2 protein chains.
Amino acid sequence: MAKNNAKQDLKPISNPKISNSVEDYLKAIWMTAQDGAASTNALAEQLNIAAPSVSAMLSKLQNLEFVVYERYKGASLTESGKAKALELLRRHRLIETFLFESFDYSWDEVHDEAEQLEHAVSSQFIERLATFLDHPTHDPHGDPIPCPNGNLPDTPNTALAEAESGQSFVVARLLSQAADVLSYFAKLGIQPGKELKIIEFEPLGGLVHLLIDDVPRALSKELAMIVRGDIVKTPTV
Amino acid sequence: MAKNNAKQDLKPISNPKISNSVEDYLKAIWMTAQDGAASTNALAEQLNIAAPSVSAMLSKLQNLEFVVYERYKGASLTESGKAKALELLRRHRLIETFLFESFDYSWDEVHDEAEQLEHAVSSQFIERLATFLDHPTHDPHGDPIPCPNGNLPDTPNTALAEAESGQSFVVARLLSQAADVLSYFAKLGIQPGKELKIIEFEPLGGLVHLLIDDVPRALSKELAMIVRGDIVKTPTV
DNA sequence: CTTATAATTTAGGCATGGCTAAAAATAATG
DNA sequence: CATTATTTTTAGCCATGCCTAAATTATAAG
């Protein structure tokens, strides 16, 4: 009877399934620091975990060779840590896409569910899911879905706030995780693929007037920073 | 910042998400004992966990009021424990159905994946999944899927081994979890819905000769006990 | 009905991953 | 540059769930 009795080596030989916690930390480090180093407090904040716990975990991640960590100086991902983080991100975004497209989830619902599922699902599941969804490159709010090899598909990144009066703008991405923000955009009809016409910017730039589906609307500067996409040179008629 | 600091009361007030372990135990108790009491060793065997650990967990489940447990006498599910177990079973079987039908999983693959997913998925997910699958009553090998209220759909349960020469038999269920057994049946074309014609039983009853898709085949008594369904009174032509 | 065997529980550990309080290092300010 | 403020770490705990070895209780056999 094969009992789970393996003593943890310092350097893990094979692929002993990474714990949910470790996965969460790697994702958090990537989101906080991408390439640079993530501070203990920033991670504690992100993960809603007390700073001393984060400290301890960073040492552990260092032993696992997922991060390079120097006391008092934060942690940055190694190649292997980064690969794991991107794998998680791939899972998360594919699952979000699936829930949104096939199961009619709303923005409020999609994130938490994906957060759980991404830890439970096998690589096989993810690849079959990708096939099921016809290998999307971006999730429903336009975030790029990392490829199996870790490449991040290109994504237009000009802020709507940077466009100018008279220009047209094609939305590619809504740079927010907040459900209320995403719902608000959805209500306005602002979603990836949509073309907006900019009427004018309010003096001092706090507001932008635009045409969505030929309906005049106004958007605050803050929200206009979240909307990312491309300025259209030759506006479609 | 809301840290998870709630001291565990003896009687849990609300719905503090049950741990994966607790869920596994409840399912195991149901599978081992259904209505009666499950012994410590039987559970240890099922769960591949050492007996003393099971002992400890049974006390805990008693405190949680999921089981009635008397030292040295095994544990049986309370109403609340049974409800949980059936909920888990519903999850498991719906997920298996999904993986099999939509994601082309084979028998070897389906079980382990479902085992993980059933813990990670929300009730909402399950109900949307049920809708997605058009509310199946049985999973791909014919096991009944409990309804949200805990009812188990009726399932024909006559063993193929109990039929008689000359009769026809409609398969409803393959009473096994073993991947190799299920694959073997699949290879033979024996699956829920299939009609078999019994040619004859070997003397001493160790073997049954039958017609599957008009092809003559033989099946051992052991396997013929696993195939469950209905004897057809008026054989179709 | 006593004894050997099998099942079960108690005792004592261990790893993981959280927490708080207090100390130490780093950064910011007068 | 000394001092205060902030960040981070160390120290020491706790809960969950698993383990092994050693009792204990139940059961089967003589």
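To find a chain, count down the sequence lines: A is the first, B the second, and so on, and within it residues start at 1. Remember, it's a predicted structure, so these values are computed and weren't measured experimentally.
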Original post:
Partners of Lys17(B) by side-chain contact (heavy atoms from CB on, under 4.5 Å), sequence neighbours excluded?
Top reply: Asn20(B), Glu23(B)
**OP:** Give every residue pair that meets the salt bridge (Lys or Arg N to Asp or Glu O under 4.0 Å) criterion with at least one member in residues 68-83 of chain A, sequence neighbours excluded.
**Re:** Asp35(A)-Lys82(A)
Original post:
dC18(D) C1' sits how many Å from Leu43(B) CG, rounded?
Top reply: 16 Å
**OP:** For Asn157(B), enumerate each residue passing the side chain to side chain donor-acceptor pair (under 3.5 Å) test, keeping only those at least two apart in sequence or located in another chain.
**Re:** Arg228(B)
Original post:
Which pairs, with at least one residue in residues 124-157 of chain A and sequence neighbours excluded, count as a ring-ring contact (aromatic ring centres under 6.0 Å, His included)?
Top reply: Phe98(A)-Phe132(A), Trp107(A)-His141(A), Phe125(A)-Phe103(B), Phe132(A)-Phe103(B)
Subject >> Between dC18(D) (C1') and Tyr25(B) (OH): distance, integer Å >> reply: 8 Å
Subject >> Electrostatic pair Lys221(B):Glu202(B) at N-O distance under 4.0 angstrom >> reply: no
Subject >> Spacing of Asn48(B) atom CG relative to dC19(D) atom P, expressed in whole Å >> reply: 8 Å
Subject >> Nearest-Å distance for atom pair NZ/P, residues Lys60(A) and dA15(C) >> reply: 12 Å
Subject >> Set of residues satisfying side-chain contact (heavy atoms from CB on, under 4.5 Å) with respect to Ala75(B), sequence neighbours excluded >> reply: Leu58(B), Val67(B), Tyr69(B)
**OP:** Treat primed atoms plus P, OP1 and OP2 as sugar-phosphate and everything else as base, then score nucleotides 7-13 of chain C 5' to 3': B for base contact with protein heavy atoms under 4.0 Å, S for sugar-phosphate contact only, - for none.
**Re:** SBBB---
**OP:** Rounded off to whole Å, could you give me the CD1-to-P distance for the Ile49(A) and dG17(C) pair?
**Re:** 10 Å
**OP:** Provide, to the nearest angstrom, the distance between the CG atom belonging to Asn63(B) and the P atom belonging to dG17(D).
**Re:** 13 Å
Subject >> Phosphate OP1/OP2 of dT16(C): any Ser21(A) side-chain N/O under 4.0 Å >> reply: no
Original post:
Nearest-Å distance, CG (Asp24(B)) to C1' (dT16(D))?
Top reply: 14 Å
Original post:
Tell me: CG of Asn20(A) to C1' of dT16(C), nearest whole Å?
Top reply: 12 Å
